[in-house]
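What you are looking at is a predicted structure, and each value in this text was computed from that prediction instead of being measured. Within every chain, numbering begins at 1; the chains are lettered A, B, ... in the order of the sequence lines, protein sequences first and strands thereafter.
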Amino acid sequence: MISEKPRVRFAPSPTGYLHIGGLRTALYNFLFAKQTGGSFVLRIEDTDRARLVEGAAENLIATLEWAGLHFDEGPGREGDFGPYTQSERLSIYSEHTDKLIKNRDAYYCFCTKERLDALRDEQRSRGEQTLYDKHCLNLTDEEVKRSIAEGKPFVIRLNVKHGKKVKIHDLIRGVVEFDTSLIDDQVLIKSDGFPTYHLANVVDDHLMKITHTIRGEEWLPSTPKHVLLYESFGWEVPQFAHLPLLLNPDRSKLSKRQGDVAVEDYRAKGYLKEALINFIALLGWNAGDDREFYYMDELIKSFSIERINKSGAVFNLEKLDWLNAEHLRAKSDEELARLLREELNATGCAGNSYEEAFLVKVVQSMKERVKFIKEIPVNAGYFFTSPSEYEEKGVQKAWKEDTPALLKGYISKLNALSEPTKEGYENALRSTAEEAGVGAGKLIHPVRLAISGVSSGPGLFDIIDALGKEETIRRINSAIEKLAVKQ
RNA sequence: GGCGCGUUCGUCUAGCGGUUCAGGACGCUGCCCUCUCAAGGCAGAGAUCACGGGUUCGAAUCCCGUACGCGCUACCA
C-alpha cells in the first residue's frame with residue numbers, strides 16, 4: 001500500500017457555539033494531521049435548516065482559530081476539494097443519489113409522516129424493531145414518476161440488504177460487527193432536498209479524500225450505514241476512530257444544564273487556551289508516561305491514535321484550574337503584564353494608565369497566588385487603588401497601642417531613602433524594629449495592613465516596591481489617621 | 001425493548017500474564033519553609049482493579065457470562 005499523506009476533517013454543524021467535546025474532536029484531528037504532515041480540513045455541515053443558527057459558522061471558525069487549531073482547508077481557505085460548506089454542495093449529493101437509485105441501492109419514498117408513525121407504533125407494540133418496511137421500494141418507475149410530477153413530497157432512502165454482517169475496523173475499539181437486518185433504510189435525501197448527515201458525510205469524506213474519520217463515539221452505531229454507502233458507491237472505506245465521550249460529573253454525555261460546555265464560556269472565564277488545549281488533550285489520551293504539562297507543539301509530537309482510551313472521561317474543572325495556574329506561571333512576566341493590562345482595560349480599570357514596569361512587578365508578586373489573571377485586580381486591588389477599609393481581624397491582631405509610633409518611625413526612615421530599593425525598604429523596616437527593641441513582625445503586619453487593607457498577600461517589600469515610596473508613606477499615614485479614629 | 005460501546009483511588013489516568021497486596025496527577029489532610037497568603041518540598045489518607053466463572057504454575061491484564069453505566073435507535077447532527 002502506498003502511504004499517502006493523511007487527510008482528516010472536523011465537521012461541526014453550525015447550530016450554536018463550539019462545544020468543548022467538539023473542540024477535543026477537532027484537536028485530536030488536528031494533532032494527527034500535524035504530526036503526520038497531513039491536512040486538517042474544516043467542513044461545515046449545515047444540512048439541517050431548522051437548527052441552523054446565523055453566525056454560528058463564523059463563530060465556530062473564530063473559536064477554532066483562537067484555540068490555535070488552524071485548518072488547512074475549509075470555508076474561506078479554499079483548497080482543491082471545495083466548497084467546504086455542505087449547503088453549497090447540493091447538486092453533488094443529488095448526482096450521487098441518482099447513481100444509487102439506478103443501481104437500486106437507494107429509492108424514492110413517498111410515505112407520509114402519519115404512515116411512518118403508525119408503522120413504528122405498530123412495530124413497537126409488537127415488540128419488534130422499528131424499521132421502515134420498504135413499502136416504497138415496490139413502486140414502479142411509472143408510479144414514482146407520476147408521484148414526482150404530482151408534486152408529492154418525497155425522500156430518498158438507502159436500500160439496506162438484510163441478513164449480512166458489516167465489520168468495522170475501528171482504530172480505537174478494534175473490530176465491531178453489526179447485523180444489517182437491524183439497520184434501517186436510512187433517509188439519504190430529505191423532502192426539502194437537503195442530504196442527511198449520513199449521505200453528505202460519506203460523499204464528502206470520499207470526495208475530499210479523507211483518509212481517517214476521527215469523530216465522537218455517538219457515531220459508532222451509524223457507521224455500518226456509512227460503510228454500506230461506501231460499498232454501494234464502490235469506494236474505499238476510510239479508517240475510523242471513534243472517540244470516547246466527554247462526561248458530566250454524573251457520567252452522562254457532557255451537556256449544558258450541568259455546567260458550561262461552550263468553549264467561549266471558558267474563554268470568557270479567563271482560561272488560557274494553552275491550558276484548555278492541554279487539559280482536553282489529556283481527557284482520553286496520554287503518552288504512557290507521567291507527563292501532564294504540554295504545549296501544542298509537544299502534543300503534536302507525542303500524540304497517537306493508538307493511545308486514545310476507550311471509556312468516557314468526566315470533565316473535571318479542578319484539574320483544569322490547576323493546569324491553568326501552571327500555564328500562567330510558565331508565561332514570561334512581560335506576557336503576563338500584557339494580559340493584566342488587557343484585563344484592566346476590559347474591566348474599565350484603565351490598564352493603559354499603568355507603566356509596564358509597575359505591571360511587571362504586580363504580576364511577579366501575584367502569579368503564584370492566582371489561577372487566573374482576572375483574580376489579580378479582584379484579590380489584589382490594592383495595587384491599583386489605596387485601601388478604604390481595613391480587614392477587621394487583621395486590625396485586631398496587628399494594630400497595637402504602640403503601632404502608630406512604630407509606623408511613624410518607619411516613615412521617617414523611608415523618607416531618608418534617597419534611592420529606594422526593595423532591600424532599602426526592608427533594611428529600613430528591620431532597623432526601625434531593632435532600634436525600638438521589637439521583632440520585625442511588630443512592624444511588618446501593621447504596614448501590610450496599612451498599605452493593602454488586608455493581612456495576606458505577596459511579600460510586604462514586593463508590595464512596597466511596586467507602590468513606591470511616596471504612595472507607601474501616604475497609605476501608612478492615612479491608616480494611622482483612620483484607625484486612630486476607630487480606636 | 002433492540003443494537004453497540006464501556007467498567008483501575010472522588011476525578012483524570014499508568015498498567016498491555018510474573019519484578020505491582022497496583023504507579024502518577026488533581027483534589028483532600030499534616031509537616032517543613034516563612035512577615036501573611038500562596039508557590040515549593042516532604043509525608044499521609046484514598047482502588048478487595050464492577051461481580052461471577054473459567055484458561056494458566058501464575059490474571060487488573062486472556063476468554064465467557066452477569067450487573068451497572070453510557071451512546072444510538074429521526075426527513076438532528
statement: By nearest-heavy-atom nucleotide on RNA chain B, the more 5' of Lys310(A) and Leu283(A) is Lys310(A)
message: Taking the nucleotide of RNA chain B with the nearest heavy atom to each, does Leu220(A) or Glu426(A) sit closer to the 5' end?
response: Leu220(A)
Partners meeting ring pair (Phe, Tyr, Trp, His ring centres under 6.0 Å) with [X] (sequence neighbours left out):
X: Tyr28(A); answer: Phe303(A)
X: His226(A); answer: Tyr197(A), His198(A)
X: His445(A); answer: none
X: Phe384(A); answer: Tyr354(A)

Measuring only the [atom1] atom in each nucleotide, how far is [N] from [M]? A whole number of Å is fine.
N: rC76(B); M: rC16(B); atom1: C1'; answer: 39 Å
N: rA45(B); M: rC5(B); atom1: P; answer: 40 Å
N: rG18(B); M: rU61(B); atom1: P; answer: 12 Å
N: rC33(B); M: rU20(B); atom1: C1'; answer: 34 Å
N: rG46(B); M: rU29(B); atom1: C1'; answer: 11 Å
N: rA47(B); M: rG54(B); atom1: P; answer: 27 Å
N: rA60(B); M: rC51(B); atom1: P; answer: 11 Å
N: rC12(B); M: rC70(B); atom1: P; answer: 14 Å

Using Watson-Crick or G-U wobble geometry with both distances below 3.5 Å, tell me the partner of [N], or none.
N: rA50(B); answer: rU66(B)
N: rC9(B); answer: none
N: rG30(B); answer: rC42(B)
N: rG71(B); answer: rC3(B)
N: rC35(B); answer: none
N: rU20(B); answer: none

Expressed in angstrom and rounded to an integer, what is the separation of [X] atom [atom1] from [N] atom [atom2]?
X: Leu328(A); N: rA38(B); atom1: CG; atom2: P; answer: 17 Å
X: Tyr294(A); N: rC12(B); atom1: OH; atom2: C1'; answer: 13 Å
X: Asn286(A); N: rC12(B); atom1: CG; atom2: P; answer: 13 Å
X: Lys319(A); N: rU13(B); atom1: NZ; atom2: C1'; answer: 7 Å
X: Trp285(A); N: rA14(B); atom1: CH2; atom2: P; answer: 11 Å
X: Asn309(A); N: rU8(B); atom1: CG; atom2: C1'; answer: 12 Å
X: Glu318(A); N: rU13(B); atom1: CD; atom2: P; answer: 16 Å
X: Leu246(A); N: rC12(B); atom1: CG; atom2: P; answer: 10 Å

May I ask you to say what [X] touches in the nucleic acid, namely base, sugar-phosphate or nothing, with a heavy-atom cut-off under 4.0 Å?
X: Ala313(A); result: sugar-phosphate
X: Gly216(A); result: nothing
X: Phe178(A); result: sugar-phosphate
X: Arg307(A); result: sugar-phosphate
X: Gly441(A); result: nothing

field: Residues in side-chain contact (heavy atoms from CB on, under 4.5 Å) contact with Ser94(A), at least two apart in sequence or another chain
entry: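 For Ser94(A), the residues satisfying side-chain contact (heavy atoms from CB on, under 4.5 Å) (neighbours in sequence not counted) are Thr97(A).
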message: Distance criterion of 3.5 Å, no angle test: do you see the side chain of Arg448(A) paired donor-to-acceptor with the base of rC35(B)?
response: yes
query: Of the nucleotides rU36(B), rA14(B), rG2(B), which has the atom closest to the Leu182(A) side chain?
result: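 Nucleotide nearest to Leu182(A)'s side chain: rG2(B).
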Shortest side-chain distance from Ser311(A), nucleotide among rA14(B), rA25(B), rG6(B): rG6(B)
message: Would you compute the distance between atom CD of Gln123(A) and atom CG of Asp133(A) and round it to the nearest 0.5 angstrom?
response: 7.0 Å
message: Could you measure the distance from the CZ atom of Phe279(A) to the CG atom of Asp321(A)? Nearest 0.5 Å is fine.
response: 9.0 Å
query: Can you tell me if Asp46(A) uses its side chain to pair, donor with acceptor, with the backbone of Ser87(A) under 3.5 Å?
result: yes
Distances for protein N or O near nucleotides 60-62 of chain B N or O, under 3.5 Å:
none

Below 3.5 Å, can you tabulate the donor-acceptor pairs from side chains in residues 455-467 of chain A to any protein atom, sequence neighbours excluded?
from	atom 1	to	atom 2	distance (Å)
Ser455(A)	OG	Glu391(A)	OE2	2.6
Asp462(A)	OD1	Lys422(A)	NZ	2.7
Asp465(A)	OD2	Lys361(A)	NZ	3.4

- request: Determine the interplanar angle of the Tyr271(A) and Tyr266(A) rings, folded into 0 to 90°, and report it as parallel if under 30°, tilted if 30 to 60°, perpendicular if over 60°.
  value: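 Because their plane-to-plane angle lies in the 30° to 60° range, the rings of Tyr271(A) and Tyr266(A) count as tilted.
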message: Looking at Tyr410(A), I'd like to know if the NZ or CZ of Lys413(A) sits under 6.0 Å from its six-membered ring centre while staying within 45 degrees of the ring's axis.
response: no
query: Which residues satisfy the side-chain hydrogen bond (donor to acceptor under 3.5 Å, both in side chains) test with Asp250(A), sequence neighbours excluded?
result: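 Residues passing side-chain hydrogen bond (donor to acceptor under 3.5 Å, both in side chains) with Asp250(A): Ser252(A), Gln258(A).
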task: If a pair satisfies side-chain hydrogen bond (donor to acceptor under 3.5 Å, both in side chains) and one of its residues is in residues 153-167 of chain A, list it, with sequence neighbours excluded.
output: Asp105(A)-Lys161(A), Lys134(A)-Asn159(A)
field: Taking every non-hydrogen atom, the tightest pair across Leu229(A) and Leu100(A)
entry: CD2-CD2, 3.8 Å
- line: The contact string for nucleotides 64-77 of chain B, one letter per nucleotide 5' to 3', using protein heavy atoms under 4.0 Å with B, S and - for base, sugar-phosphate only and none, comes out as ------SBSSSBBB
task: Can you run down the salt bridge (charged side-chain N to carboxylate O under 4.0 Å, His left out) pairs that involve residues 15-26 of chain A, sequence neighbours left out, and say none if there aren't any?
output: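 Not a single pair qualifies under salt bridge (charged side-chain N to carboxylate O under 4.0 Å, His left out).
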Between protein and nucleic acid, restricted to nucleotides 39-48 of chain B and to nitrogen or oxygen atoms under 3.5 Å apart, what atom pairs and distances do you find?
from	atom 1	to	atom 2	distance (Å)
rA39(B)	O4'	Glu368(A)	O	3.3

